[in-house]
Amino acid sequence: MDAARTPGIFLHQYAGLPHGPAFEDWRGRAFGRCGLDIGPSHGDSIDCRLQVSVIDNIVLAIPEGASAQYSRTQSHLADGSDDLVLIAAHAGLVRVGQNGHTVELTPAQMVLVDMSITGTVGHTDEDRFTTIRMPRRALLDINPRAEDKLSQVLCDGAVAETIFRYHALAANHAPHLDAVGQRLTAQHMVDLVGLLLGTDAEHASRARGRGQAAARLDLMRADVMAALGRNDLCLAEVATRSGLSPRQAQRLFEQAGTTFTEFVLEQRLLQARKLLGDPRARARKISDIAHSSGFSDLSYFNRAFRKRFGATPSELREA
C-alpha cells in the first residue's frame with residue numbers, strides 16, 4: 001500500500017513474501033525510481049513501512065518495520081546516480097555494507113555511503129535508522145574532502161544531535177514549504193552533514209553561519225510552536241533544548257529580524273485568529289481561545305489582537 005500524505009511526503013508500506021504480483025507492483029512503485037531493491041532482513045517475509053520526504057534536491061527517509069533490507073546492486077549502477085547518503089543509527093545495531101565492507105553502527109553513530117557503488121542496509125523493530133540522500137556536488141561544495149570519510153563511523157555529539165532533530169523536523173514539515181523554504185532547508189541539512197564530516201576552517205565558518213545556526217533557529221521555532229499554550233514558556237528553556245545560552249538564542253532570533261518575545265506573541269496571535277475563524281470552534285469562549293493560545297491576561301490579549309489585526313477578537317469572529 002502506498003500513499004502521498006501531503007505533496008512531497010510519500011508513504012510506502014508492504015507486509016508479505018518478497019514475490020508475486022502484489023509485491024512486484026509495490027516494489028516498482030516504491031523503489032523503481034530511486035535505484036534500490038528490497039528484500040527481507042530477518043526471516044522470509046518483508047515488513048516495511050517507509051516514509052520518504054522530498055525536499056528540493058535532498059531526500060529524507062524514515063524506515064520502520066520488522067524486516068526490510070535495501071540494496072544497491074550492480075544492475076542499479078547503470079542509472080548513473082552518484083548521490084551520497086548519510087545513514088544515522090537510532091536504535092539497536094545497524095549494519096551497513098559498501099562494496100563488500102561492513103560497518104556496524106550503534107545509536108547516535110552515522111556513516112556516509114556512495115550510491116555509485118554497491119551497498120546494503122537493513123532494519124528490524126530493534127535496529128532502526130534514518131537516511132539523508134543528497135547530490136554529491138552539493139556536499140563537496142561545503143566539504144571538498146567529504147569522499148575521504150566514506151564508510152567511516154562518524155559521531156560528533158553536538159552536530160549529530162542537531163542532525164537527528166533537524167531530520168525529524170524537516171521530514172515532516174519542510175515539504176509544506178514553498179520553493180525558497182525548501183531550498184534553504186535542504187542547504188541547511190547539507191551544511192550540517194559537511195560539519196559532521198569535519199570540513200576546513202573556511203568552509204566550516206560558512207556552514208555554521210548558514211547551516212547550524214539556521215537549523216537551531218528552526219528547532220527553537222518548532223519548540224515554541226509545540227508549546228504555545230503554555231504561558232510559562234521562556235527563552236531559557238527553549239535555548240537549553242537547542243544547546244544554546246539564552247543570549248546566543250536571542251541573537252539568532254535578532255539575526256532573523258525579530259526577538260524571542262515578538263516571535264512568541266506573533267505565533268500566539270496567529271493561532272488565536274485561526275481558532276476564532278474556525279467554524280468548529282464557534283462554541284468556544286474567546287477567553288478559552290486566548291488561554292489555549294498562551295495568554296493568561298484577557299485584557300492584554302484583546303489589546304494585542306486589535307493592534308495586530310485592526311479588530312477585536314469578537315469583531316473578527318462576527319466578521
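Counting from 1, the numbers follow the sequence of the chain as shown. Just the heavy atoms: all of them, side chains too, but no hydrogens, waters or symmetry mates, feed the values below.
- The salt bridge (charged side-chain N to carboxylate O under 4.0 Å, His left out) with R72 is formed by just one residue from the set D79, D83, D114, D37; it is D79.
- Residues S67 and S45 share a closest heavy-atom pair of OG-O, 2.9 Å.
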**Request:** Show the numbers, then the answer: is there a salt bridge (Lys or Arg N to Asp or Glu O under 4.0 Å) between R303 and D297?
**Result:** CA-CA 10 Å; R303 291 195 304 272; D297 185 327; 5.4 Å; no
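- Transitive grouping of hydrophobic side chains (ILVMFWY, heavy atoms separated by less than 4.5 Å) keeps F260 and Y300 in distinct clusters.
- V264 and F309 fall into different hydrophobic clusters, where Ile, Leu, Val, Met, Phe, Trp and Tyr residues are linked whenever their side-chain heavy atoms come under 4.5 Å apart, directly or through other members.
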**Request:** Determine, step by step, whether V113 and V103 satisfy the side chain to side chain contact (heavy atoms under 4.5 Å, CB included) criterion, reporting the C-alpha distance in whole Å, the side-chain angles of both residues, the deciding distance to 0.1 Å, and the verdict.
**Result:** CA-CA 10 Å; V113 298; V103 173; over 6 Å; no
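- Cluster membership check: W26 does not share its hydrophobic cluster with L17, using side-chain heavy-atom separations under 4.5 Å among Ile, Leu, Val, Met, Phe, Trp and Tyr.
- Hydrophobic clustering places L269 together with L298 (ILVMFWY residues linked when any side-chain heavy atoms are closer than 4.5 Å, directly or through intermediates).
- For S41 against A68, the heavy-atom pair with the smallest separation is OG-N, 2.9 Å.
- Taking 4.5 Å as the limit, some side-chain heavy atom of E147 sits within range of a side-chain heavy atom of R136.
- For the pair N302/P313, a side-chain contact is recorded, criterion being any heavy-atom separation below 4.5 Å from C-beta on.
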**Prompt:** Run the side-chain hydrogen bond (donor to acceptor under 3.5 Å, both in side chains) check on D56 and Q187 step by step: do they pass?
**Reply:** CA-CA 9 Å; D56 193 61; Q187 185 63 67; over 6 Å; no
**Request:** Please assess D278 against K274 for the test salt bridge (Lys or Arg N to Asp or Glu O under 4.0 Å), listing each intermediate value before the final yes or no.
**Result:** CA-CA 6 Å; D278 187 346; K274 180 179 179 180; over 6 Å; no
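- Under a 4.0 Å N-O distance rule, the pair R165/D223 qualifies as a salt bridge.
- For CZ of R284, the number of neighbouring non-hydrogen atoms (other residues, nucleotides, ligands) closer than 6.0 Å is greater than 12.
- Formation of a donor-acceptor pair under 3.5 Å by the H123 side chain with backbone atoms of G65 is found in this model.
- In the displayed structure, H90 atom NE2 is contacted under 6.0 Å by more than 12 heavy atoms of other residues, nucleotides or ligands.
- Rounded to the nearest 0.5 angstrom, H167 NE2 and L86 CG are separated by 8.5 Å.
- Between Q74 atom CD and T118 atom OG1 the span is 6.0 Å, to the nearest 0.5 Å.
- Below 30°, between 30° and 60°, or above 60°: for F31 and Y70 the angle between ring planes is between 30° and 60°, a tilted geometry.
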**Prompt:** After noting the C-alpha distance and the side-chain angles of R251 and E254, does the key distance pass the salt bridge (Lys or Arg N to Asp or Glu O under 4.0 Å) rule?
**Reply:** CA-CA 5 Å; R251 189 177 300 121; E254 290 171 352; over 6 Å; no
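- In this structure, CD1 in I163 is found 10.5 Å from CD in E161, a value given to the nearest 0.5 Å.
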**Request:** Take M110 and F164 through the test side chain to side chain contact (heavy atoms under 4.5 Å, CB included) and record every step on the way to the result.
**Result:** CA-CA 10 Å; M110 305 179 180; F164 275 116; 3.6 Å; yes
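- Few gaps surround CG on D232; more than 12 heavy atoms of other groups in view lie less than 6.0 Å from it.
- A heavy-atom distance below 4.5 Å is found between the side chains of N172 and Q51.
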**Request:** Determine, stepwise, if the pair T73 / H76 fulfils side-chain hydrogen bond (donor to acceptor under 3.5 Å, both in side chains).
**Result:** CA-CA 5 Å; T73 66; H76 296 114; 2.9 Å; yes
**Asked** When you look at T312 and S314, which way does the side-chain hydrogen bond (donor to acceptor under 3.5 Å, both in side chains) test go after all the steps?
**Response** CA-CA 5 Å; T312 66; S314 56; 3.2 Å; yes
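- Taking every heavy atom of both residues into account, A138 and V190 meet most closely at O-CG1, 3.5 Å.
- Within a 6.0 Å radius of CZ in R241, other residues, nucleotides and ligands contribute 12 heavy atoms or fewer.
- In this structure, the side chains of L60 and M189 come closer than 4.5 Å at one or more pairs of heavy atoms.
- Closest approach of V94 to G122, counting heavy atoms only: CG1-O, 4.4 Å.
- Looking at I62 and L50, their side chains never come closer than 4.5 Å, going by heavy atoms from C-beta outward.
- Applying side chain to side chain contact (heavy atoms under 4.5 Å, CB included) to I55 and the options L184, T185, I9 leaves one that passes, T185.
- One finds the CG atom of L105 at 10.5 Å from the CG atom of D127 (value rounded to the nearest 0.5 Å).
- With F295 as reference, L265 is the one residue of L228, I289, L265 to meet the side chain to side chain contact (heavy atoms under 4.5 Å, CB included) rule.
- The six-membered or imidazole ring of F301 lies away from that of H291, with a centre-to-centre distance of 6.0 Å or more.
- Taking 4.5 Å as the limit, some side-chain heavy atom of I117 sits within range of a side-chain heavy atom of Q98.
- Annotation for C155 and Q109: closest pair CB-CG, 4.4 Å, computed over non-hydrogen atoms.
- At a threshold of 4.5 Å between non-hydrogen side-chain atoms, the residues L84 and L150 count as touching.
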**Request:** Applying side chain to side chain contact (heavy atoms under 4.5 Å, CB included), run through F253 and M220 and close with a yes or a no.
**Result:** CA-CA 9 Å; F253 278 99; M220 288 192 292; 3.9 Å; yes
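- Minimum heavy-atom separation, G198 to N143: C-ND2, 3.8 Å.
- The distance from atom CG of N231 to atom OG of S292, rounded to the nearest 0.5 Å, is 11.5 Å.
- Ion pairing between a basic and an acidic side chain is recognised when a charged N comes within 4.0 Å of a carboxylate O; R29 and D25 show such pairing.
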**Request:** Please step through side chain to side chain contact (heavy atoms under 4.5 Å, CB included) for the pair T259 and Q250, ending with a clear verdict.
**Result:** CA-CA 6 Å; T259 67; Q250 186 69 279; 3.7 Å; yes
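- Taking the six-membered ring where tryptophan is involved, the planes of H12 and F10 are essentially parallel, since the angle between them stays under 30° and well short of 60°.
- Of the charged side-chain nitrogens involved, at least one lies within less than 4.0 Å of a carboxylate oxygen, so that R282 and E318 count as a salt-bridged pair.
- Test L192, V159, L154 against L197 for side chain to side chain contact (heavy atoms under 4.5 Å, CB included) and you get one pass: L154.
- Within the 4.5 Å cutoff, the side chain of L275 has heavy atoms near those of the Q271 side chain.
- L77 and M115 sit in two unconnected hydrophobic clusters of ILVMFWY residues. Membership requires side-chain heavy atoms under 4.5 Å apart, directly or through other members.
- Rounded to the nearest 0.5 angstrom, Q13 CD and E64 CD are separated by 10.0 Å.
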